[in-house]
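Read the structure below first, then the notes.
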Amino acid sequence: MLDNLEIDQIERIAELSDECRQIRDTILNKTYQSDVDEEPNARGERNPSSFDSLEVVEAADDSGKYQRLRGMIADLSEDARIELRAVMWIGRGDFAAGDWGKAMAQADGAANLTVIDTIAEKADLHDYLMKGLYKLGLR
């Protein structure tokens, strides 16, 4: 199933993503909605914002973890990034595990350099990858 990507590579990317998410959560716990010039929402409502991604870690944290995450993904071959994206989509629920071929075909159509940022900025990347491995019976 995985021809260009090893399970331990996926797990290392997932672990680093989780560390970035923890940094993001720490940053967000110190940020009030009024500090980002957003109107308060009615109770129970929520607007998506740039804080929903890990990009805030790059801007506000000097540990370099987000850059290492991007670097790990960038260092993968194009074929490995296709497989990583397919695993992510299966873990996210966009495809069933039995639709591996369909997930790979769609990921192949989107496997350019912008995919690095698209994957790396996902705040839930860790969860998506680990669920994807589980659903595929690889973990």
- If you measure from CG on L54 to CG on D124, what distance do you get to the nearest 0.5 Å? 8.5 Å
- Minimum-distance pair of heavy atoms, taken over all atoms of Q106 and F95: OE1-CZ, 3.2 Å
- Work out which heavy atom in E11 is nearest to a heavy atom in L133; give both atom names and the distance. CG-CD1, 4.0 Å
- Query: Can you check whether V57 reaches L69 side chain to side chain, under 4.5 Å on heavy atoms?
  - Reply: no
- Would you say L129 and S17 make side-chain contact, with heavy atoms under 4.5 Å? no
- Query: Rounded to the nearest 0.5 Å, what separation is found between the OH atom of Y128 and the CG atom of D94?
  - Reply: 8.5 Å
- Does any non-hydrogen side-chain atom of R85 lie less than 4.5 Å from one of T118? yes
- Message: Between I13 and L76, is there a side-chain heavy-atom distance shorter than 4.5 Å?
- Response: yes
- Message: Quick check against the 3.5 Å criterion: does Q67 have a side-chain atom that pairs as donor or acceptor with the backbone of G64?
- Response: no
- Message: With a 4.5 Å cut-off on side-chain heavy atoms, are D18 and Q22 touching?
- Response: yes
- Message: Distance check, rounded to the nearest 0.5 Å: I7 atom CD1 versus R12 atom CZ?
- Response: 12.0 Å
- K65 versus I23, closest heavy-atom pair with distance: CD-CD1, 3.8 Å
- Message: Any salt bridge linking D25 with R21? Criterion: basic side-chain nitrogen under 4.0 Å from a carboxylate oxygen.
- Response: no
- Query: Among the clusters formed by ILVMFWY side chains lying less than 4.5 Å apart, do I82 and L138 turn up in the same one?
  - Reply: yes
- Message: Which heavy atom of K135 sits nearest to which heavy atom of I90, and what is that distance?
- Response: NZ-O, 3.3 Å
- Give the minimum heavy-atom separation between E83 and M1, together with the two atoms involved. OE2-O, 4.0 Å
- Between the OG atom in S63 and the CZ atom in R68, the distance rounded to the nearest 0.5 Å is 6.5 Å
- About how many Å separate CD1 of I73 and CG of L125, when rounded to the nearest 0.5 Å? 6.0 Å
- Message: In this structure, would Y134 and V87 fall into the same cluster of hydrophobic residues linked by side-chain contacts under 4.5 Å?
- Response: no
- Measure the shortest side-chain to side-chain distance between D79 and D3 over non-hydrogen atoms and say whether it is less than 4.5 angstrom. no
- Query: Which heavy-atom pair separates R70 from A120 by the least distance, and what is that distance?
  - Reply: CG-CB, 3.8 Å
- Item | Distance in Å, E78 CD paired with N4 CG, rounded so as to fall on 0.5 Å steps | 10.5 Å
